[in-house]
Amino acid sequence: QVQLVESGGGLVQAGRSLRLSCAASGIDVGRNAMNWYRQAPGKERELVAVIFRLGTTYYADSVKGRFTISRDDAKNTVYLQMNSLKPEDTAVYYCNVNSGQTYWGKGTLVTVSS
């Protein structure tokens, strides 16, 4: 019933920007804290950004100042604007929400070339 569908990933050169989208159904992004995680090859999945119900945000130190999480309640979509991308940002990016249960999208691959 709850579905999260990521899009917007791709191959970009270092220093450029990319915007990821997470289209949600079965939950209201405005009534839940929404999370972006990423998992790089050989690494554990890590939390990179959170937007809380009141609009406050959290960012991992590795992306602070470069990434911005936002939401559009009318579109029921969460975004992750990624600027000044680095090769270290290469990962599969996942949308996530905890609403009684934990739900994950299938992920979208971001590859940053040097």
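These numbers come from the heavy atoms of this one structure, side chains and all, not from hydrogens, waters or symmetry mates. Nothing fancy with the numbering, it's 1 onward along the sequence.
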Q | Side-chain donor or acceptor of N76 paired with backbone N/O of A24 under 3.5 Å | A | yes
Q: Using the test side chain to side chain donor-acceptor pair (under 3.5 Å), find all partners of S17 that sit at least two apart in sequence or belong to another chain.
A: N83
Q: Mark yes or no for whether N32, through its side chain, and M34, through its backbone, hold a donor-acceptor pair below 3.5 Å.
A: no
Q | Results of side chain to side chain contact (heavy atoms under 4.5 Å, CB included) for Q13 - residues two or more places apart only | A | R16, S113
(Q) Suppose we screen for side chain to side chain contact (heavy atoms under 4.5 Å, CB included). Which residues come up paired with S114, at least two apart in sequence or across chains? (A) P87
(Q) Under the rule for ring-ring contact (aromatic ring centres under 6.0 Å, His included), what residues qualify as partners of Y37, not counting sequence neighbours? (A) W104
Check: residues 50-60 side-chain donor-acceptor pairs under 3.5 Å, at least two apart:
from : atom 1 : to  : atom 2 : distance (Å)
Y59  : OH     : I69 : N      : 2.9

Q. With sequence neighbours excluded, what pairs up with N98 under the side chain to side chain donor-acceptor pair (under 3.5 Å) test?
A. T102
Q. What pairs meet the disulfide (SG to SG under 2.5 Å) rule with one or both residues in residues 35-70, with sequence neighbours excluded?
A. none
Q | Those residues that, when tested against K64, pass side chain to side chain donor-acceptor pair (under 3.5 Å) (two or more places apart) | A | D61
Q. Side chain to side chain donor-acceptor pair (under 3.5 Å) with D89: which residues, sequence neighbours excluded?
A. R38, R66
Q: Hey, could you give me each pair passing disulfide (SG to SG under 2.5 Å) that has a residue in residues 59-113? Not counting sequence neighbours.
A: C22-C95
Q. Residues in side chain to side chain contact (heavy atoms under 4.5 Å, CB included) with T108, at least two apart?
A. E6, L20, Y93
Q: Can you sort out the partners of Q39 under side chain to side chain contact (heavy atoms under 4.5 Å, CB included), two or more places apart, ordered by chain and number?
A: R45, Y94
Q: Please check if I27 and W36 belong to a single hydrophobic cluster, counting links between Ile, Leu, Val, Met, Phe, Trp and Tyr side chain heavy atoms closer than 4.5 Å.
A: yes
